[in-house]
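One structure below.
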Amino acid sequence: MVERIRPVKTPIPKDTTGLSWWYRLTWRLEYLGVSVTGPGEQPLARDPRERLRRERTQRVADNLAAAGRREP
């Protein structure tokens with residue numbers, strides 16, 4: 001029997017460094033919209049919710065680096 005390793009979803013960062021309230025609001029609405037009307041279960045490489053989580057994580061990491069802080 002071959003054991004398959006499931007990829008782990010990217011967690012949504014709790015830190016909002018550099019994210020405006022407008023970005024956070026539109027991000028939540030888009031995430032909700034994709035969750036409700038988006039495609040069914042997809043592999044993580046093609047999942048639109050995972051894409052949104054990765055983009056937000058990268059944006060927070062870039063803002064932390066610009067501020068001279070380390071990632072939490």
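Any value given below was found using the heavy atoms of this structure, including those in side chains, with hydrogens, waters and symmetry copies removed. This is a predicted model, so every value here is computed, not measured. Along the sequence shown, residues carry numbers from 1.
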Please give me the minimum heavy-atom distance between [X] and [Y], naming the atom from each residue.
| X | Y | answer |
| --- | --- | --- |
| P11 | T57 | O-OG1, 3.5 Å |
| V60 | P13 | CG2-CG, 4.1 Å |
| R53 | D47 | NH2-OD2, 4.2 Å |
| Y23 | T26 | O-OG1, 3.1 Å |

Just verifying a value: how many Å separate [X] [atom1] and [Y] [atom2], rounded to the nearest 0.5 Å?
| X | Y | atom1 | atom2 | value |
| --- | --- | --- | --- | --- |
| R24 | L29 | CZ | CG | 13.0 Å |
| R49 | E41 | CZ | CD | 8.0 Å |
| L52 | T10 | CG | OG1 | 11.0 Å |
| T16 | W27 | OG1 | CH2 | 12.5 Å |
| N63 | T17 | CG | OG1 | 7.0 Å |

Practice item. Give the cluster check for I12 versus V34: same hydrophobic cluster or not, with ILVMFWY residues linked at side-chain heavy-atom distances below 4.5 Å. Key: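 Same cluster.
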Exercise for review: Taking the side chain as every heavy atom from C-beta outward, state whether E50 and R54 have any pair of such atoms under 4.5 Å apart.
Suggested key: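 Counting from C-beta outward, E50 and R54 do come under 4.5 Å.
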Point to revise | NZ/NE/NH1/NH2 to OD/OE distance under 4.0 Å, E55 and R59 | key: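 So E55 does not pair with R59 through a salt bridge.
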Check your understanding: What residues form a salt bridge (charged side-chain N to carboxylate O under 4.0 Å, His left out) with R56, not counting sequence neighbours?
Key ->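 Result, salt bridge (charged side-chain N to carboxylate O under 4.0 Å, His left out) vs R56: none returned.
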